[in-house]
There are 2 protein chains.
Amino acid sequence: MGKAENGGGREGRGGRQSASTFPNRSIPLYYQLENILRSKIEGGEVLPNHKLPTEQELSREYKISRATVRQALAALVSEGLLYRKQGKGTFVTEKAAQTKSVKLTGFTEDLFTEGVKAEVRVIEMRAVPAPERVAGVLRIPTGEEITRFKRLRSVDGAPFSYVINYVVPEIGQKINEKDLQHHTMLHLLEEKLGIPLGTIRHFVESMKADVEVASLLAISVFEPVLYMETAVYSAEGRAVEAVDTYFRSDRYRYTVELIRSQQLRKDRGKRTR
Amino acid sequence: MGKAENGGGREGRGGRQSASTFPNRSIPLYYQLENILRSKIEGGEVLPNHKLPTEQELSREYKISRATVRQALAALVSEGLLYRKQGKGTFVTEKAAQTKSVKLTGFTEDLFTEGVKAEVRVIEMRAVPAPERVAGVLRIPTGEEITRFKRLRSVDGAPFSYVINYVVPEIGQKINEKDLQHHTMLHLLEEKLGIPLGTIRHFVESMKADVEVASLLAISVFEPVLYMETAVYSAEGRAVEAVDTYFRSDRYRYTVELIRSQQLRKDRGKRTR
DNA sequence: TAGTGGTCTAGACCACAAT
DNA sequence: TTGTGGTCTAGACCACTAT
C-alpha cells in the first residue's frame, strides 16, 4: 500500500510474497485500505454522496488486487459508510459524516459507558441461587448457585443506572471489586477472561421503579424507569452472562442503529426499485 | 452446485462459463451454497458445535472455488450461525438452532408486526407543520409542511401501540388509508415507493403516558409506556421518515439482537484469547 | 508435519448504466 | 460501446492448531 495518505506507510509491499517488507507486518492489506478509506470519509476528505475511485483505480493506486479492494469496500458498506450501485460506482453515505464520533464499532460497549467518567459503586458481590429467568438464560437449573454483582453507576454525581450481573461461579471467582469498579462486564469477559463474545440480546421495557430501584436511583417509587434484560453469548454460542439493568428515564435512552446488512439478497426476483 | 440435498438442483453448472446450464440461472453460487448450509443448520441437520466440512471439502463437493465457498461462509458467520477457528475449522453456533424461527433477516420488520393479525385503526392523515425534533431528523426547516399519520395497533382486541409517522409530502401523497391499514411504513417505503432503505436508528425510553396516549392505549395517565423515536434513512443515506411510537409496557418489549460483525478486527495486537 | 482457516493475486465473464 | 460493480476461478503463501 504505497500512497501518501497512508501516513508513514511507505512501501509496505515489495515484490511478491504476501506479507510486506516493512512496518505493517501482518496487518492485512484489505484492512489497511479499509482504515485509510474510513478515515478519509470520517475526516470529511470524501464528502457524502461523492463517488469513490473505482475498484480498478483503487487497485492500481494501492497496488493491491481488485479482490482485496472489494473486501475492504464490502466491510465499509456493511458498516454503513458506503453504498454501491452496479454500473455506476461506489458512493459515500450521507449519514457517514455525522456518525464518525459515535461509530459503534460493531458492539455495545458504548452503551455501557466504558471509559466515560462514571463513578461506580459496587453494592454487592455474592453467591445466590439463580432466579428462574437467569437460570433460563444461562441454561442451568433454577436455584443453582450463581454469582451476582450489583453496581450503581453515577455520572456527574447523580445516579444513572443500577446494574445486576449474573455469571456462573467459575467466572465470578475471577472477578474482583476493582475490576467491577473500572470496567464493564463485557470488557472483563473479553479482555480479562479471554472469552470471545458473540451475540448479545437485549430486551428493553418500561416499568415502574420499586422501592429498591427507586432509592438507589434517587427517584420516587412508581416513577418510570427503563429496564433492560441482557443475555450475552460467547462466539461459540454458550450463554455466559445475564444482566438486569435499570436506567433513570430522565438520564438515559437506549439507542440502536440498525444497519442494513450487506446487499438485499432477497430480491433475486428483480423488482423495480 | 451438484449434490443431492440441493433439492432439485441437478447440475447447475457444467463446463466453464460462469452462469449455469440449468434452472438456477443468475442465482449466485455463493448465495446458493449459503442457503443450502443455512437450511441444514436451521433444520438441525448439522448440530450446534459440530464442525462443518472444510473449505476445501465444500469446494470439491459443490464444485465451486474456495473463494466462493468463503463468501458463503462469511455471510453465515456475520449472521451468527457459524463461527470459525483458524487452524481448527468452521462450527455451528449453539444459538443457531434456536433462532431459526425468529431470524430477523437483517431488518426490523419483525418489530413492527408486519403480518401479525393486528388490527390497525387509522386515526389521522394530514399535513401539519413539522415539529422541531422531526424537522431535525428529516433535515428540513422547522414548521415546514409535512405529512403526519396516526395509527393505533391492537392485538387480540386490546391496544398495543400508538404510532405517529412523519414523512415529506411527496411521499405522504402516495400513501392512502388502505395502505396504512395493511402495511408498515417500512414496507410501504420499500415495496410501494421503491425506496431502498439503509440505516434505521431507534431511541428507546421510558415515560409516563400523557392524556392522549393513555386514552388511546386504554391505560391510566402516568402509567409507564415505552416510547420510541425512529429515524429511517434510505440506502443513500437520505432521511425519509421519522416516527414516534408509544407501546403499552405490559404488552411489548423491545428486543435487539446484536450479532458480532464479522471477525474481531481490532485485536491485531494479538492477545491470548 | 499436516490440516485448516486467513490473506492475496491475476484474470475472466456477466449485468447494469450511461453515452 | 464503454465503464462500473457482481460473480467466479485457480492457485499461492501465511498463521494457527494439533499430532
Side-chain angles (χ1 to χ4, degrees), chain A residues 1 12-21 24-34 51-60 62-77 82-91 196 235 262-265 267-268 270-273, chain B residues 1 12-21 24-34 51-60 62-77 82-91 196 235 262-265 267-268 270-273:
Chain A
M1 320 263 312
R13 182 182 199 70
R16 199 50 315 161
Q17 29 14 64
S18 197
S20 90
T21 347
N24 299 332
R25 281 199 329 124
S26 100
I27 300 184
L29 294 178
Y30 76 88
Y31 187 63
Q32 293 183 47
L33 176 57
E34 197 185 315
K51 190 170 162 305
L52 245 62
T54 67
E55 297 180 348
Q56 227 178 63
E57 286 166 355
L58 289 171
S59 171
R60 270 200 305 274
Y62 293 101
K63 305 207 194 326
I64 56 184
S65 78
R66 189 177 156 221
T68 303
V69 168
R70 281 180 64 78
Q71 193 173 357
L73 293 177
L76 293 170
V77 166
L82 299 177
Y83 65 95
R84 326 192 70 184
K85 285 193 176 174
Q86 194 175 37
K88 299 191 68 175
T90 304
F91 305 84
Q262 311 282 48
Q263 283 72 263
L264 308 213
R265 289 277 167 57
D267 54 1
R268 287 289 156 200
K270 302 291 146 59
R271 210 175 285 98
T272 332
R273 304 246 154 154
Chain B
M1 321 254 326
R13 184 180 197 70
R16 199 52 311 166
Q17 42 353 77
S18 197
S20 88
T21 347
N24 301 330
R25 283 199 328 124
S26 99
I27 299 182
L29 295 178
Y30 75 88
Y31 187 62
Q32 293 183 48
L33 177 56
E34 198 185 315
K51 191 170 161 305
L52 245 64
T54 67
E55 296 180 349
Q56 228 180 60
E57 286 166 355
L58 290 171
S59 170
R60 269 200 306 274
Y62 293 101
K63 303 209 195 322
I64 55 183
S65 78
R66 192 179 154 219
T68 303
V69 170
R70 282 181 63 78
Q71 193 173 357
L73 292 178
L76 294 171
V77 167
L82 298 177
Y83 65 96
R84 325 190 69 182
K85 285 192 176 176
Q86 194 175 35
K88 297 192 68 175
T90 304
F91 304 84
Q262 309 283 50
Q263 281 75 265
L264 308 215
R265 288 279 169 56
D267 55 359
R268 286 291 154 200
K270 303 293 145 59
R271 209 175 288 99
T272 334
R273 305 250 154 150

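Here is how names work: the chains are called A, B, and so on, in the same order as the sequence lines, proteins then strands, and each is numbered from 1. Scope of the values below: all heavy atoms of this structure, side chains included, with no hydrogens, waters or symmetry mates.
A:Leu33 has its CG atom 14 Å from the P atom of C:dT7, to the nearest Å. Straight-line distance from the CD atom of B:Glu34 to the P atom of D:dC8: 11 Å, rounded to whole Å. Distance CD1 (B:Ile27) to P (D:dG6): 18 Å, rounded to an integer number of Å. As a whole-Å value, the separation of A:Tyr62 OH from C:dC8 P is 15 Å. Nucleotide C:dT7 holds its P atom 14 Å from the CG atom of B:Leu73, rounded to whole Å. Rounded to whole angstrom, the span from the OH atom of A:Tyr31 across to the P atom of D:dA15 amounts to 18 Å. The distance from atom CZ of B:Phe91 to atom P of D:dC16 is 17 Å, rounded to the nearest whole Å. Summarising the geometry, the separation between OH on A:Tyr30 and P on C:dG6 is reported as 9 Å, rounded to the nearest angstrom.
Side-chain atoms of B:Leu52 and B:Leu82, non-hydrogen and from C-beta on, do get closer than 4.5 Å to each other.
Applying the salt bridge (charged side-chain N to carboxylate O under 4.0 Å, His left out) test to B:Lys85 and every residue at least two apart in sequence or in another chain returns A:Glu236. The side chain to side chain donor-acceptor pair (under 3.5 Å) test applied to A:Arg60 returns no partner, not counting sequence neighbours. Looking at residues two or more places apart in sequence or on another chain, you find a side chain to side chain donor-acceptor pair (under 3.5 Å) between A:Thr90 and A:Arg84. In terms of the side chain to side chain contact (heavy atoms under 4.5 Å, CB included) criterion, residue partners of A:Ser59 (sequence neighbours excluded) are, by chain and number, A:Val69.
Applying the salt bridge (charged side-chain N to carboxylate O under 4.0 Å, His left out) test to pairs two or more places apart or on separate chains, those with a residue in residues 67-77 of chain B are B:Glu55-B:Arg70.
Each end of the helix from C:dT1-D:dA18 to C:dA18-D:dT1 yields a helix axis from five base pairs, and these two axes differ in direction by 10° (to the nearest 10 degrees).
Heavy atoms from other residues, nucleotides or ligands lying under 6.0 Å from CD of A:Glu57 number more than 12.
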Is there any protein nitrogen or oxygen under 3.5 Å from a nitrogen or oxygen in nucleotides 1-5 of chain C, and what are the pairs?
unit_1 : atom_1 : unit_2  : atom_2 : d
C:dG3  : N2     : B:Gly87 : O      : 3.2
C:dT4  : O2     : B:Gly87 : N      : 3.3
C:dG5  : OP1    : B:Thr90 : N      : 3.4
C:dG5  : OP1    : B:Thr90 : OG1    : 3.3
C:dG5  : OP2    : B:Glu55 : N      : 3.0
C:dG5  : N2     : B:Gln86 : NE2    : 3.2

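Interatomic distance, NZ of A:Lys63 versus OG1 of A:Thr68, reported as 14.5 Å (0.5 Å rounding).
Closest contact between the side chain of A:Thr68 and the listed nucleotides C:dT9, D:dA10, C:dT7 involves C:dT9.
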